[in-house]
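Lettering follows sequence order; numbering is per chain, from 1.
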There are 2 protein chains.
Amino acid sequence: MNIGEIAKRAGVSRSTVSYALSGKRTVSDNTRQKIQRVIDELGYRPNASARALANGRTSTIGLVFPPAGDHYTGMQLDFIGSVVEAAATHDYDVLLSPSGVDSDRSFQRLLGERRVDGAILMEIRLEDDRVDHLAALGFPCVAIGRTAHPENGWWVGLDHTALAAACVRHLADLGHRTIAFVNRPETLLRTGYESARRGLEGFTKAAAERGLTVRTYCCGDDAASGQACLEQILHDEPATTALVTLNEAALGGIYRGLAQADRHVPRDFSVTGVVAGRWAETVTPQLTAADVPAEEMGRRAVELLMERLDRPDATPRHHLLVPPISLRASTGPAGLPGKAEVPASAPFPQS
Amino acid sequence: MNIGEIAKRAGVSRSTVSYALSGKRTVSDNTRQKIQRVIDELGYRPNASARALANGRTSTIGLVFPPAGDHYTGMQLDFIGSVVEAAATHDYDVLLSPSGVDSDRSFQRLLGERRVDGAILMEIRLEDDRVDHLAALGFPCVAIGRTAHPENGWWVGLDHTALAAACVRHLADLGHRTIAFVNRPETLLRTGYESARRGLEGFTKAAAERGLTVRTYCCGDDAASGQACLEQILHDEPATTALVTLNEAALGGIYRGLAQADRHVPRDFSVTGVVAGRWAETVTPQLTAADVPAEEMGRRAVELLMERLDRPDATPRHHLLVPPISLRASTGPAGLPGKAEVPASAPFPQS
DNA sequence: TTGAAAGCGTTACCAA
DNA sequence: TTGGTAACGCTTTCAA
């Protein structure tokens, strides 16, 4: 079943069928109807490969994200979902590529073989060879995340520096003086993963400004690591009364560790961080956090990419988002060291 | 940059380049090296659309799953991840299609336009028009899930009936007499979503066999709904001492509701169900559950599909998995109604 | 061991 | 308003 067959049965030429379908040339009502009847009857749909070959567009975008070492985090997965849905509203399909670096086979296939019209890159590193490569090629892409040199790029990012800093200030305002930072796994930090780096930077700077005592930790992306990390924190500095985390997968473990150490949240210990909203709400008490607007970010990335595909010479655009901290139930005034309880409404003690 | 250019620079014909690349015809070492040099130098990769058009294979598989109403559950997302990674090991890319029914635009594109060589279907309904349609077409596909008539199909499924029943028996063995079932949302149950239907069936049947008192509930896929559902359960029947759930997204809310009702898990109340392992481990106490082996299921589905693509006339194969219940910390012996505590080692009371 | 040429199913240009 | 035809970039058959 191909366009020639349709043309024959409708008694017209192939080009007329093509134009009737695309609308790029006027076709008389009469013939259009004739053609449509045949198409409906035979359930014809033009072959995507042939079309892509002829007009150079695949109507597909690539979504590039690193292979999960062990598993994907909820946030990563939220991005995937939102990108797919946003693309669908533009009648684009999404081709997934589990590629962390430039040299991955899948990445090469996607771009080298022209399987996609454009790409969305996730899990950006501050120095990211995928971004550099694509930029050098002039290949249409939008990053979810921001490299160290984002000036002329297309991206939608989160201001992790500001977000982590806001968390610190929130804790400092509540009177906490000794706090910890629970980051993503060390390999991610070392490879320059953006949120891990910028989050750490924001945390460190804000804590210094407020003169807080801090310790920073890396933590595996799972509950067991979270629990172990918390135990380490209390072991290293029992006076710690609060922490900031970027690691939503560890969150359940952190809470568990706190419970086992008999630190009640938020009475004895405050927890906050940067986490997708729906994950923040699954823990008890619900996490006060800067909610990562994954859905919005995915949607915006797609919109940016569509714009770029429509006008290849458009000037680079981007969105830097700074979602506010959602006050939920996991933070409270710092208790006096040694005292068990402080009424929630009491002015916090200054040491 | 195309094959003709490579041929010209290497001083051979296009067919020779093609054969050098595919290995489908012997090429002298000498010319092969000449060709390879040019290819490396220019970074040439054959165009995927042209190749697909010429040989009828796209080297892409479609992954079909319903659009998230509100968001995706962790399990859905685990499937996506595992399918993508498994496909990558076979050098296949994955095209995502958010399609719940046959008539979705995206589904039509995928199949009608021959964008993919085969498909993997997720979120199967007992009567699923996508499965029927594909089967009628003889289109290579593998379902993750099992319809009401799975005899001649290709699929990898979970025995939800047996799993839910095992949960019930586990609770009954611990002495629980009044238990509840927390299912997925009502719309899913009504539309015949497999795990919701078979899970409910298994629960009901096993409970009847053991003469238990039961109530069944549907519950939204989020923490707030879980909490509300639990309150309803205790309101409807305060004597309830345990529940079985398929709804991992509601789990956090269920725990929260239990805590607020002052029911300690597992001392006063036992919770179990069918949930992906890593989610079971994020809650405290960790959930005793039949762990959904999402990674294995995704991998097996891809393997089955590869097999089917290789041998189009192979006889249908499938895997029905029945993972054991992982004993963790959320279930314990039923307490006597009105009594607060029962030593874990005590024989459970028979009423 | 290699080359020439005919597809694969569209699109879009050039004529009419 | 329409038809004929040359691309698009590859694979594969047929010949040499």
Side-chain angles (χ1 to χ4, degrees), chain A residues 1-39 42-60 91 93 108-117 309, chain B residues 1-36 38-39 42-60 91 93 108-117:
Chain A
M1 182 49 39
N2 60 32
I3 201 172
E5 184 72 11
I6 303 294
K8 197 190 306 171
R9 301 209 189 195
V12 298
S13 74
R14 295 184 309 170
S15 48
T16 301
V17 175
S18 177
Y19 285 120
L21 246 25
S22 71
K24 292 189 180 172
R25 186 164 90 172
T26 51
V27 173
S28 76
D29 271 4
N30 202 317
T31 48
R32 181 200 309 291
Q33 281 166 20
K34 248 187 336 200
I35 292 171
Q36 192 57 51
R37 236 191 318 275
V38 178
I39 287 179
L42 273 61
Y44 164 77
R45 305 215 75 193
N47 178 299
S49 300
R51 187 205 288 260
L53 181 57
N55 73 5
R57 308 198 65 188
T58 61
S59 297
T60 303
D91 280 345
D93 286 316
Q108 297 291 340
R109 267 207 306 273
L110 221 67
L111 307 169
E113 302 181 1
R114 319 221 81 85
R115 277 172 193 269
V116 299
D117 297 335
L309 289 176
Chain B
M1 180 49 39
N2 58 34
I3 200 173
E5 184 72 11
I6 303 295
K8 197 190 306 172
R9 302 208 188 195
V12 297
S13 73
R14 297 183 311 167
S15 49
T16 301
V17 176
S18 177
Y19 284 120
L21 245 25
S22 71
K24 293 189 180 173
R25 186 164 91 175
T26 51
V27 174
S28 75
D29 270 4
N30 202 317
T31 48
R32 181 199 310 292
Q33 280 166 21
K34 247 188 335 199
I35 292 170
Q36 193 57 52
V38 178
I39 286 180
L42 273 62
Y44 165 77
R45 307 215 75 193
N47 178 298
S49 300
R51 187 205 288 259
L53 181 57
N55 72 6
R57 309 199 66 189
T58 60
S59 296
T60 303
D91 279 346
D93 286 316
Q108 297 292 337
R109 268 206 306 272
L110 222 66
L111 306 169
E113 302 182 1
R114 322 221 80 87
R115 278 173 192 271
V116 299
D117 296 337

Among [options], which is the nearest nucleotide to the side chain of [X]?
X       : options               : answer
A:Arg25 : D:dG3, D:dT11, C:dT10 : D:dG3
A:Ser28 : C:dG9, D:dT1, C:dA12  : D:dT1
B:Arg14 : C:dA5, D:dT2, C:dT11  : C:dA5
A:Ser13 : C:dG9, D:dT12, D:dG3  : D:dG3

[X] [atom1] - [N] [atom2] separation (whole Å):
X       : N      : atom1 : atom2 : result
A:Leu53 : D:dA6  : CG    : P     : 17 Å
A:Arg57 : C:dT10 : CZ    : P     : 19 Å
A:Ile39 : C:dT10 : CD1   : P     : 10 Å
A:Arg51 : D:dA7  : CZ    : P     : 22 Å
A:Asn47 : D:dC8  : CG    : C1'   : 13 Å
B:Lys8  : C:dT2  : NZ    : P     : 20 Å
A:Asn2  : C:dC8  : CG    : P     : 8 Å
B:Leu21 : C:dT2  : CG    : P     : 15 Å

query: Rounded to the nearest 0.5 Å, how far apart are CD1 of B:Ile3 and CZ of B:Arg51?
result: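 Going from CD1 on B:Ile3 over to CZ on B:Arg51, the span is 9.0 Å.
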task: Establish, with yes or no, whether the OP1 or OP2 oxygen of C:dA12 is under 4.0 angstrom from a side-chain nitrogen or oxygen of A:Lys24.
output: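 Yes, within the criterion.
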query: Do any side-chain nitrogens or oxygens of B:Ser15 fall under 4.0 Å of OP1 or OP2 in C:dT2?
result: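 Result: no.
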task: Return yes if the base of C:dC13 and the side-chain atoms of A:Tyr19 contain a donor-acceptor N/O pair under 3.5 Å, otherwise no.
output: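 Donor-acceptor pair under 3.5 Å: yes.
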- request: For B:Gly11 and for B:Ala50, locate the closest nucleotide of DNA chain C by heavy-atom distance; then report the residue assigned to the nucleotide nearer the 5' terminus.
  value: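 Final value for this comparison: B:Gly11.
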field: Contact nearer the 5' end of DNA chain C, comparing B:Asn55 with B:Val12
entry: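 So the residue in question is B:Val12.
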message: Could you tell me if A:Thr60 and A:Asp93 have a donor-acceptor pair between their side chains, going purely by distance under 3.5 Å?
response: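 No, A:Thr60 and A:Asp93 have no side-chain donor paired with an acceptor closer than 3.5 Å.
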field: Check: B:Ser59/A:Arg109 side-chain N/O donor and acceptor closer than 3.5 Å
entry: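 No - no donor-acceptor pair under 3.5 Å links their side chains.
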query: Hey, does B:Ser18 reach any base, or is it just sugar-phosphate, or nothing, if we go heavy atoms under 4.0 Å?
result: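 Base contact.
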message: Please classify the nucleic acid contact of A:Thr31 as base, sugar-phosphate, or nothing, using heavy-atom distances under 4.0 Å.
response: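 Sugar-phosphate contact only.
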task: Please check if atom CZ in B:Arg114 has more than 12 non-hydrogen atoms from other residues, nucleotides or ligands closer than 6.0 Å.
output: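 No - once you tally the heavy atoms of other residues, nucleotides and ligands closer than 6.0 Å, there are 12 at most.
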message: What I'd like to find out is whether the side chain of A:Arg45 reaches to under 4.5 Å of the side chain of A:Met1, using heavy atoms alone.
response: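 Contact flag for A:Arg45/A:Met1 side chains = no.
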